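One structure is given here, and the rest of the page talks about it.
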Amino acid sequence: QVQLAESGGGLVQAGGSLRLSCAASGRLFSSNNMGWFRQAPGKGQECVGAISRDGSTTYYADSVKGRFSISRDNAKTTVYLQMNSLKPEDTAVYYCAADVNARVLVTITPSEYQYWGQGTQVTVSS
């Protein structure tokens, strides 16, 4: 009932920037908390950032605080992940996810997100 499509990944040199976009369709976007997750080779899923329905509350992993910024445009039904000062360890497949439950707080637990995009590869070279 919710379709998510990530875009904006690619190859970038360390210190550079990328902006990932996640376009949502099929359900009222403003009702959903949204999250960005990543999975590096040989590692599990990590919640990079999450944002509440109205954008008033955000979460960032310690590893990306000060470098990444999550935002949303409900009119465009799109959530963004601005990634600055990229490091090689940021290399991963990045996934957008939607939590349609009426949670009071944003969640960073993958199992609590019901809908996922296909992922977009981000590769940061040294």
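Only a predicted model underlies this, so the values are computations on that prediction, with no experimental measurement involved.
Both Tyr94 and Val124 belong to a common hydrophobic cluster when Ile, Leu, Val, Met, Phe, Trp and Tyr are linked at side-chain heavy-atom distances under 4.5 angstrom. Placement of Leu20 and Tyr95 in two distinct hydrophobic clusters is found when ILVMFWY residues are connected by side-chain heavy-atom separations under 4.5 Å, directly or transitively. Tyr59 and Val48 sit in two unconnected hydrophobic clusters of ILVMFWY residues. Membership requires side-chain heavy atoms under 4.5 Å apart, directly or through other members. Using a 4.5 Å cut-off between side-chain heavy atoms of Ile, Leu, Val, Met, Phe, Trp and Tyr, with links allowed through other members, Val93 and Met34 fall into different hydrophobic clusters.
In this structure, Arg19 and Leu81 have side chains that are not in contact, with every pair of non-hydrogen atoms separated by 4.5 Å or more. The shortest side-chain heavy-atom distance between Ser69 and Tyr60 falls under the 4.5 Å cut-off. Looking at heavy atoms from C-beta onward, Val122 lies out of side-chain contact with Thr91 at the 4.5 angstrom threshold. Residues Lys76 and Asn74 fail the side-chain proximity criterion, which asks for heavy atoms closer than 4.5 Å. Considering only heavy atoms from C-beta on, Trp36 stays 4.5 Å or farther from Cys47 through its side chain. Under the 4.5 Å side-chain criterion, counting only non-hydrogen atoms from C-beta, Val106 is not in contact with Ile108. Counting only heavy atoms from C-beta outward, the side chains of Asn32 and Asp99 never approach each other to under 4.5 Å. With contacts defined as side-chain heavy-atom distances shorter than 4.5 Å, the pair Asp73/Tyr80 qualifies.
Taking CG of Leu18 as the start and CG of Leu86 as the end, the distance is 5.5 Å to the nearest 0.5 Å. Considering CZ of Arg72 and OG1 of Thr58, their distance stands at 12.0 Å, rounded to 0.5 Å.
Ion pairing of Arg38 with Asp90 is present here, as a side-chain N (NZ or NE/NH1/NH2) and a carboxylate O approach within less than 4.0 Å.
Of all non-hydrogen atoms in Glu46 and Ala61, the two that sit nearest each other are OE2-CB, 3.9 Å. Of all heavy-atom pairs spanning Leu4 and Ala98, the tightest one is CD1-N, 3.7 Å. When every heavy atom of Ser21 is checked against every heavy atom of Thr78, the shortest pair comes out as CB-CG2, 4.3 Å. When every heavy atom of Ala50 is checked against every heavy atom of Tyr113, the shortest pair comes out as CB-OH, 3.7 Å. What you find for Pro110 and Gln45 is that their closest heavy atoms are CB-OE1, 3.4 Å.
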Using the side-chain hydrogen bond (donor to acceptor under 3.5 Å, both in side chains) rule, take Glu89 and Ser63 through it: C-alpha gap first, then chi angles, then the decisive distance, then the call.
CA-CA 10 Å; Glu89 51 262 45; Ser63 58; over 6 Å; no
Criterion side-chain contact (heavy atoms from CB on, under 4.5 Å) on Ile51 and Asn33, from CA distance to verdict:
CA-CA 6 Å; Ile51 188 166; Asn33 292 332; over 6 Å; no
Walk me through whether Ser71 and Gln82 qualify under side-chain contact (heavy atoms from CB on, under 4.5 Å).
CA-CA 8 Å; Ser71 62; Gln82 178 67 46; over 6 Å; no
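A tilted orientation is assigned to the rings of Phe37 and Trp116, their planes being inclined by 30° to 60°.
At distances below 3.5 Å, at least one donor-acceptor pair connects side-chain atoms of Thr77 with backbone N or O atoms of Ala24. The backbone N or O of Val100 lies less than 3.5 Å from a partner atom in the side chain of Gln114, making a donor-acceptor pair. Within the 3.5 Å criterion, the main-chain N or O of Gln118 finds a donor-acceptor partner in the side chain of Glu6.
When only modelled atom types and interatomic distance are considered, Thr123 and Gln121 share a side-chain donor-acceptor pair under 3.5 Å. In the model, Glu112 has a side-chain atom that pairs as donor or acceptor with a side-chain atom of Thr107 under 3.5 Å. Counted by atom type alone, Ser126 and Gln13 present zero donor-acceptor pairs between their side chains at under 3.5 Å.
By the 6.0 Å contact criterion, CD on Gln1 is open, its count of non-hydrogen atoms from other residues, nucleotides or ligands being 12 or less.
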